[in-house]
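A quick write-up on the structure given underneath.
Keep in mind that this is a model prediction, so the values were computed, not measured.
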Amino acid sequence: KSLVLLLILATIAESQYQPTWDSLDTRPNPDWWSQIKFGVSLHWGVYSVPSFSDPSQPYAEWFWNYMGGPDGPNTSPAGQFLQRVYGQSYAYPDFASSFHAELYNDAKDWADLFADNGVQLAILTSKHHDGFELWPSPNSFNWNSQAVGPKQDLVGAFINATRAKGIKAGLYHSVFEWFNPLYRGPNASQYVVEKLIPDLHTIVNSYEPAMLLMDGEWEQTSDFWQTKPFLAWLFNESPIKDTVVVNDRWGSECRGAHPARAVFTCENGMFSSFCDGTSAANGSTHPWSYWATQAKSWGLSRTEGSDDYRRGDFFIPLLVDNVVDNGVLLLNFGPAADGTIPAMQQVVLKDIGDWLKINGEAIYNSTLKLGQRRETVQSGKFSPMFEAENAVYGVPAGMNTSTIVYIGLTESSSACQQLCTLLPSCLSFTWHATDVIPAEFKHMCYGRNTTEWSLTPQAGHVSAKRRLVDVQYVQHAVDSNTLYAFFTPYPASDYILNLTVPGHSFSTVSKVELLGFGPVTAAFADEILQVTLPVLGVTELPCKHVYAIRLSFG
């Protein structure tokens, strides 16, 4: 019996994750993450009271750090603001008593807003870098929302409200605290043992978050933070060991690396070796999120105006890009100190929500892309001709460059356009009239492999551009007989959209539908599906910014 017991224990030990990256890196990301396409995060805390930022100090949630910390106020914009409005003797911790959250309503209004606009995952700050906890941490005496300010467990209410609406509830947690005396003291590891790790255990056991979104890890390695032993406990023994999703901010060496199968975080498309500045590397199958601010600041800044906010015309194409590249858009909000989400931020969310009401099936039900991430499709259609600057100055008459090709002599601009149509690489053309200057360009027709150039009117030079449409594809996650094609912009007049995916035949397509409109005409020829888009006025379009076609096979 003893031998059997030892064998059982040995088997269990082998199956458990060990506190090493070699072991922790093997832990798979929970399956539910693959169903998430659109989520939100919320930066909310004591910094929401001053809610101040400046172009040189753009993050309102960094107010305490900007103003000089406990030794402030300094002469920075944040420090000067504090002195001017609150006085020289006012300290950052004094803001806590004005953080009332009197209109929070136990996060029910937030949850309703998120549910109405297609949000699948919501993440609240349990603690930011200032160390203020939005839950009754026993390790944060008089510096948590139960002890001062709201006098309530803000995290607990948030978890309950979002879950009641069927939304996954996660927590953001800062690894370090700027001015914690333990961390800034002679034995900084004391902070890890007495504050960080106990807090992490408590929020996991008390709230069982669907995701832990960590941040503020960059000053020390994961060994210093003791996050590997914590992750081993999280994955082996915690009540969410099989379901919790984590990101890649557990130590200074972790971004884009550890845990190797965690969600890699692209903060506004940056701050990770995994990100290319806009999204993940093209073609990646790794789980990742584009974590986006609406303006510059993460926490609410009253100095940011409507012109600072990006709207649906930015976030909807970004959402599509992320989904096509196997990512998740995580849109940030900065609630006010009273617990309301500002109207401007709600407008941004509702832009996305309205679009998802029409196109959500192509987002939520999608899996990895087919073919290219993005392709430019074209037809023989051109824009109306216009007089523009001579696009070929500097090129000897009748000669070529890497972007400009001499096509030939034609008697009219229409004939020049016909020649350009025959060349797949010809995306625009310029024809030179009879009285052109210089005279040696008379009747010469040039094609270009780009549509970009200045539109300064200039007599004698007639140009036009091909109508181009960006198209991206995703496969239905469950129904292999359904494919979606996203395209933008919507053409202003009659247009045939040519769809093709390398290695994927459209010959068996039985039905083509423009989401929000209905069936459209399509024909298959030469391995290309030619979709005739209906001519629609601005008020007739099914949505804004990006449009989706459902292709049904069989």
Side-chain angles (χ1 to χ4, degrees), residues 41-107 109-110 124-137 140-155 157-158 172-174 177-180 215-216 293-305 308-309 332-346:
S41 70
L42 301 107
H43 277 67
W44 192 38
V46 170
Y47 45 82
S48 304
V49 177
S51 55
F52 173 87
S53 68
D54 178 84
S56 65
Q57 296 179 326
Y59 304 126
E61 69 281 3
W62 278 58
F63 187 84
W64 197 10
N65 184 284
Y66 289 155
M67 59 162 275
D71 297 329
N74 55 22
T75 58
S76 72
Q80 292 180 39
F81 172 80
L82 182 78
Q83 294 179 63
R84 177 174 59 84
V85 177
Y86 299 96
Q88 179 69 32
S89 62
Y90 204 89
Y92 180 82
D94 296 332
F95 285 119
S97 61
S98 298
F99 177 41
H100 297 307
E102 66 271 22
L103 299 178
Y104 182 44
N105 193 25
D106 290 335
D109 296 337
W110 294 6
L124 176 65
T125 44
S126 60
K127 180 193 72 172
H128 202 258
H129 310 327
D130 61 359
F132 187 85
E133 309 272 12
L134 271 63
W135 58 285
S137 169
S140 189
F141 176 74
N142 208 36
W143 194 231
N144 66 75
S145 63
Q146 187 72 62
V148 62
K151 300 294 181 69
Q152 60 176 301
D153 180 358
L154 302 176
V155 166
F158 171 83
Y172 165 106
H173 198 79
S174 175
E177 297 176 17
W178 286 316
F179 308 114
N180 188 296
D215 190 26
T293 54
Q294 295 189 34
K296 182 65 175 178
S297 180
W298 296 86
L300 174 64
S301 171
R302 293 177 293 167
T303 63
E304 290 180 331
D308 296 306
Y309 278 80
N332 184 73
F333 291 78
D338 62 11
T340 59
I341 293 178
M344 185 66 235
Q345 298 178 26
Q346 293 190 42

Interatomic distance, CD@Glu61 vs NE2@His128, rounded to 0.5 Å, equals 5.0 Å
Hey, what do you get for CZ (Phe81) to OG1 (Thr303), rounding to the nearest 0.5 Å? 8.5 Å
Evaluate the side-chain proximity of Val85 to Phe52: yes if any heavy-atom separation is below 4.5 Å, no if none is. no
Grab the two heavy atoms, one from Phe63 and one from Ala78, that are nearest each other, plus how far apart they are. CZ-O, 3.6 Å
For the OG1 atom of Thr340 and the CG atom of Asp109, what is their distance to the nearest 0.5 Å? 9.5 Å
Within the distance-only criterion (no hydrogens, no angle test), does the side chain of Trp110 pair as donor or acceptor with the backbone N or O of Gly339 below 3.5 angstrom? yes
Which heavy-atom pair separates Ser140 from Gly131 by the least distance, and what is that distance? OG-O, 3.9 Å
Which distance, rounded to the nearest 0.5 Å, do you find between the CG of Leu134 and the CG of Asn144? 9.0 Å
d(Asp153 CG, Gln146 CD) to nearest 0.5 Å is 6.5 Å
Applying the side chain to side chain contact (heavy atoms under 4.5 Å, CB included) test to Leu154, which of Pro136, Ser126, Ser145 qualifies? Ser145
So, for Leu300 and Gln345, which heavy atoms are closest and what is the spacing to 0.1 Å? CD1-NE2, 3.8 Å
Give a yes-or-no answer on whether the side chains of Ser174 and Asp215 include a donor-acceptor pair shorter than 3.5 Å. no
Which heavy-atom pair separates Val46 from Pro50 by the least distance, and what is that distance? O-CD, 3.4 Å
Would you say Glu133's side chain and Lys127's backbone share a donor-acceptor pair under 3.5 angstrom? no
Walk me through whether His43 and Asn332 qualify under side-chain contact (heavy atoms from CB on, under 4.5 Å). CA-CA 7 Å; His43 277 67; Asn332 184 73; 2.8 Å; yes
Counterpart residues, ring pair (Phe, Tyr, Trp, His ring centres under 6.0 Å), relative to Phe179 (two or more places apart): Trp64
Looking at Tyr47 and Trp44, what are the two nearest heavy atoms and their distance? OH-N, 2.9 Å
Just wondering, do Tyr86 and Asp94 contact through their side chains at under 4.5 Å, heavy atoms? no
Does Asn74 reach the main-chain N or O of Tyr66 with its side chain, forming a donor-acceptor pair under 3.5 Å? yes
Can a donor-acceptor pair be found between the side chains of Gln57 and Ser76 at a distance below 3.5 Å? yes
For Ser53 against Ala60, the heavy-atom pair lying closest together: CB-N, 4.0 Å
Interatomic distance, OG@Ser297 vs CD@Glu304, rounded to 0.5 Å, equals 5.0 Å
Would you say the side chain of Trp62 lies within less than 4.5 Å of the side chain of Trp298, judging by non-hydrogen atoms? no
